[in-house]
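Structure, as structure tokens:
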Amino acid sequence: MGAYAELHRRSLSDPEGFWGEAAAAIDWFEPWERVLDDRNPPFYRWFSGGVLNTCHNALDRHVAAGRGDQAALVYDSPVTETIQRYTYAQMTDAVARLAGGLRGLGVAKGDRVIIYMPMIPQAAMAMLACARLGAIHSVVFGGFAAHELATRIDDAKPKAILSASCGIEPNRVVPYKPMLDQAIDQATHKPDACVVFQRAQAEAAMTAGRDHDWDDLMSRSDPVDCVPVAATDPLYILYTSGTTGQPKGIVRDNGGHAVALRWTMRNIYNVEPGEAYWSASDVGWVVGHSYIIYAPLLTGCTTIMYEGKPVGTPDAGAFWRVIAEHGVSTMFTAPTALRAIKREDPEGRLIGQYDLSHFRAQFLAGERSDPDTVRWAEEKLGVPVIDHWWQTETGWAIAGNPLGIELHPVKPGSTALAMPGWDVRALNPEGASVQPGDVGALVCKLPLPPGTLPTLWNAEDRYRQAYLAEFPGFYKTGDAGFIDEDGYVHVMTRVDDVINVAGHRLSTGAIEEVLAAHADVAECAVIGVADQLKGQLPVGFVVLKAGVRRSYDEIGAELVGMVRGQIGPVAAFKTALVVDRLPKTRSGKILRGTMQKIADGQEFKMPATIDDPVILNEIQEVLHEAGMANPEHVAAS
Ligand code: COA
Ligand code: AMP
């Protein structure tokens, strides 16, 4: 049996032994009583009774062990032409002082703190300062607009909000503070305090009595020590799109999270303490939480915080420059980013301009990797290009190619093998395993390994319903796919109304809620249409109320503006098409799946329950006029 197979087998047959050993890589103030607490299935907890602090493990202990002068974080910002290095000693000091400032504002263990910040070092400091105090951070991605932020404020009920005056996109400065003010106005819950980091590109107006200047707060605060927390206490809440406009608050604990992430750095990514590791993502996403902040710092690596894009800042060689300049051994990004680079530099000429001799592996996740892009990257970079599959809920990879254990052959289009801790199955609707190669619902047998979501914030019933109810004894991932004869997992599509736009997870239901609020719209449907760069793009279909005579272009532009204003630019919602009717089943369910197949030019079966098949022709025509559907494809039967 190979090393991977042996580890995988042991992780499932003896999870307590396996993860108990992995936990030795973490500093504990008090040891756990049980590695796996299975007294209350289907709820499982890891390392119950254990006491630790995640910030201590990410910063202080490395300083104590002699890494004080090593760079903990390198901020590389082509959009501001800045490169700054923070050693472990400097990060620890800054975080301890910020934590002192937050304590002075009344933030204590268990309080929630929302962080709405761009990709600047202060965002990392904010997360770690919360962890230091045992406060629960909830980072909201900067590309979300005020309404999305307000929803999260009302759900998390933060004591304080940490923000910056602006974010910087290549084509514009994005003022954050007006959106923060608007969100607080809209929300029912009001934070006691806001702390705002002023950036030179846009000065934020401050609200007296509520808002505090970041630098002032730092200069008048004393550093504080790490607060011991239970392994099972929440470290953070990260909201992610579900099937409705109400996002799900994924809860992450402290103990299991630290153990699992530290384990992945060596075993999945093959990265050792002292090495430079880079995830080109954003702190607003789970990849940013796990692999910009926590895993590299828990390991004693140098993490890169990149404020820029794969192309245009200034060119398609930006990623290779960062790898060369900071000695990155391993990087992680979304396939979209590589597609953007490949589009601008198909021959990979810019790659050749940089010394990538220390670069060992390129990891990809966030959306399906198309085989062409994987092969292109393999050929041009000359290193393994490893697709791995995970979700906000899981916090780390369900399936991948465990480079640190042994590299298995790469099959482009597959996310390779179930990682240790994961028992992945493809099931039919009755809950039985399908044959190898047949598509089914991808599920994972309970208990899930450490570091995965124990529940949803304030929504235990929703947690049960969304993930555990359909296949008792299993966690439902919401993805469909197949497992082949070699045990390789192939993730094909979502089974719900979640779409993936440039590696960003969006809810079509949330976009529909915005469209439906337009005064002229009677009903609507949003689908994700295949896009060569971003994987998918949302397209809206609206039926207007009887008697509306306004121009379709005008209404379309208003709808696009509403989605941008309420969800945010990151939704990339650019197309709203007016149709006379929506295709439905006789019971009134909108046939979104069939519409999507038409838009993607795939063959589809005429649904047996369709109310009026003629409507599909109209959808096809409207899409065709908008340059989206392939008229060659018609219903297969
Ligand atoms: N704050 C404010 N606005 C933001 C933002 C942020 N943090 N991030 C993105 N936006 C805006 C962009 O400016 C853009 O606005 P526009 O419509 O005015 O141009 C919109 O949201 C869409 O952004 P993006 O998805 O970045 O598309 P793009 O066309 O600007 O760039 C890519 C295309 C491929 C370069 C880009 O999508 C990319 O880098 N993808 C990789 C994604 C990734 O790393 N995902 C993380 C998951 S691992
Ligand atoms: P998020 O929670 O935003 O990370 O999105 C998770 C979803 O992205 C998964 O449920 C999948 O639908 C998709 N996804 C993530 N990684 C992959 C991958 N490697 N291959 C295919 N789909 C992926």
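Counting starts at 1 for both ligands and their atoms, following the listed order.
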Once you restrict to heavy atoms under 4.0 Å, what part of H504 touches ligand 1? Side chain, backbone, both or neither. side chain
Show the atoms of ligand 2 that are less than 4.0 angstrom away from any heavy atom in W390. 6 (C), 9 (C), 15 (C), 16 (N)
State which residue, out of K248, E393, Q391, R505, fulfils the side-chain hydrogen bond (donor to acceptor under 3.5 Å, both in side chains) condition with T240. R505
Given the side-chain rings of H408 and Y488, with only the six-membered ring counted for Trp, is the space between their centroids under 6.0 Å? no
Does G478 come within less than 4.0 Å of ligand 2, judged by its heavy atoms? no
May I ask you to check whether G366 has an N/O atom sitting below 3.5 Å from an N/O atom of ligand 2? yes
Is there a donor-acceptor contact under 3.5 Å linking the side chains of R252 and Y236? yes
Salt-bridged, K411 to D484, with N to O below 4.0 Å? yes
Report the part of H504 in contact with ligand 2, treating N, CA, C, O as backbone and CB onward as side chain, heavy atoms under 4.0 Å; options are side chain, backbone, both, neither. neither
Distance filter under 4.0 Å to P310 heavy atoms, resulting ligand 1 atoms: 35 (C), 39 (O)
Quick check on ring pair (Phe, Tyr, Trp, His ring centres under 6.0 Å): which of Y75, F319, Y291 does W278 satisfy it with? F319
Contact atoms of ligand 1, heavy-atom distance to E169 under 4.0 Å: 3 (N), 4 (C), 5 (C), 6 (C), 8 (N), 9 (C), 10 (N), 11 (C), 12 (C), 13 (O)
Shortest non-hydrogen separation from I527 to A599 and the atoms involved: CD1-CB, 4.1 Å
Number the atoms of ligand 1 from 1 as they appear, then name those within less than 4.0 Å of a heavy atom of G503, with their elements. 47 (C)
Which of the numbered atoms in ligand 1 are below 4.0 angstrom from a heavy atom of A280? 44 (O)
Could you check, using the six-membered ring where one of them is a Trp, whether W422 and W396 have ring centers closer than 6.0 angstrom? yes
Looking at atom 31 (O) of ligand 1, is any protein heavy atom nearer than 4.0 Å to it? no
Ligand 1 contact on Y291 by region, counting heavy-atom pairs under 4.0 Å: neither
Does S281 reach ligand 1 with a nitrogen or oxygen that is under 3.5 Å from one of the ligand's nitrogen or oxygen atoms? no
Ligand 1 to D282 polar contact by distance, N or O atoms, under 3.5 Å: no
Have a look at P335, A502, G366, G142 and point out the one with the heavy atom closest to atom 45 (N) of ligand 1. A502
Measuring to protein heavy atoms, does anything land under 4.0 Å from atom 22 (C) of ligand 1? yes
Compute the shortest N/O to N/O distance between T336 and ligand 1 and return yes if it is under 3.5 Å, no if not. no
If you measure every N or O of D387 against every N or O of ligand 2, does any of those distances drop under 3.5 Å? yes
Check whether any heavy atom of K574 sits under 4.0 Å from an atom of ligand 1. yes
Could a heavy atom of P118 be found less than 4.0 Å from some atom of ligand 1? no
Are any of the side-chain nitrogens in R368 or D370 under 4.0 Å away from the carboxylate oxygens of its partner? no
Considering the heavy atoms of T392, write down every atom of ligand 2 situated less than 4.0 Å from one of them. 1 (P), 2 (O), 3 (O), 4 (O)
What I want to know is whether E393 and ligand 2 share at least one N or O pair that is separated by under 3.5 angstrom. no
Based purely on interatomic distance, does W285 place a nitrogen or oxygen under 3.5 Å from a nitrogen or oxygen of ligand 1? no
Element-labelled atoms of ligand 1 that are located less than 4.0 Å from some non-hydrogen atom of Y176: 1 (N), 7 (N)
For V491, counting its heavy atoms only, list the atoms of ligand 2 lying under 4.0 Å from any of them. 21 (C), 22 (N)
Identified side chain to side chain contact (heavy atoms under 4.5 Å, CB included) counterpart of Y239 within the set D155, L456, I250: D155
Under a 4.0 angstrom heavy-atom cut-off, which atoms of ligand 1 come close to K309? 9 (C), 26 (O), 30 (O)
R172 near ligand 1, heavy-atom distance under 4.0 Å? yes
Indicate whether the side chain of W389 and that of D479 have a donor and an acceptor atom separated by less than 3.5 Å. yes
Flag the pair E307 and R199 as a salt bridge only when some basic side-chain nitrogen lies within less than 4.0 angstrom of an acidic carboxylate oxygen. yes
Any N or O of T477 closer than 3.5 Å to N or O of ligand 2: no
Answer yes if the side chains of T333 and Y306 hold a donor-acceptor pair under 3.5 Å, and no otherwise. no
Within a reach of under 6.0 Å around CD of E554, are more than 12 heavy atoms found that belong to other residues, nucleotides or ligands? yes
For ligand 1, indicate whether the residue M119 contacts it via side chain, backbone, both or neither (heavy-atom separation under 4.0 Å). neither
Mind checking whether V501 and F573 have side chains closer than 4.5 Å, heavy atoms only? no
Backbone, side chain, both or neither: what part of W285 comes under 4.0 angstrom of ligand 2, heavy atoms only? neither
State which residue, out of Y269, F363, Y294, fulfils the ring pair (Phe, Tyr, Trp, His ring centres under 6.0 Å) condition with Y277. Y269
Please list, in number order, the atoms of ligand 1 under 4.0 Å from a heavy atom of V570. 21 (O)
Min N/O separation T333 to ligand 1 under 3.5 Å: no
Only heavy atoms of N500, strictly under 4.0 Å: list the atoms of ligand 2 that pass. 8 (O), 13 (C)
Polar contacts were defined as any N/O atom of the residue lying under 3.5 Å from an N/O atom of the ligand; does this apply to D479 and ligand 2? yes
Under 4.0 Å from atom 34 (C) of ligand 1, is there any protein heavy atom? yes
Mode of R494 contact toward ligand 2 - side chain, backbone, both, neither (heavy atoms, under 4.0 Å): side chain
Going by the 4.0 angstrom heavy-atom rule, the piece of V498 near ligand 2 is neither
Looking at F144, does the NZ or CZ of R152 lie under 6.0 angstrom from its six-membered ring centre and within 45 degrees of the ring axis? yes
Is ligand 1 less than 4.0 angstrom away from at least one heavy atom of F141? yes
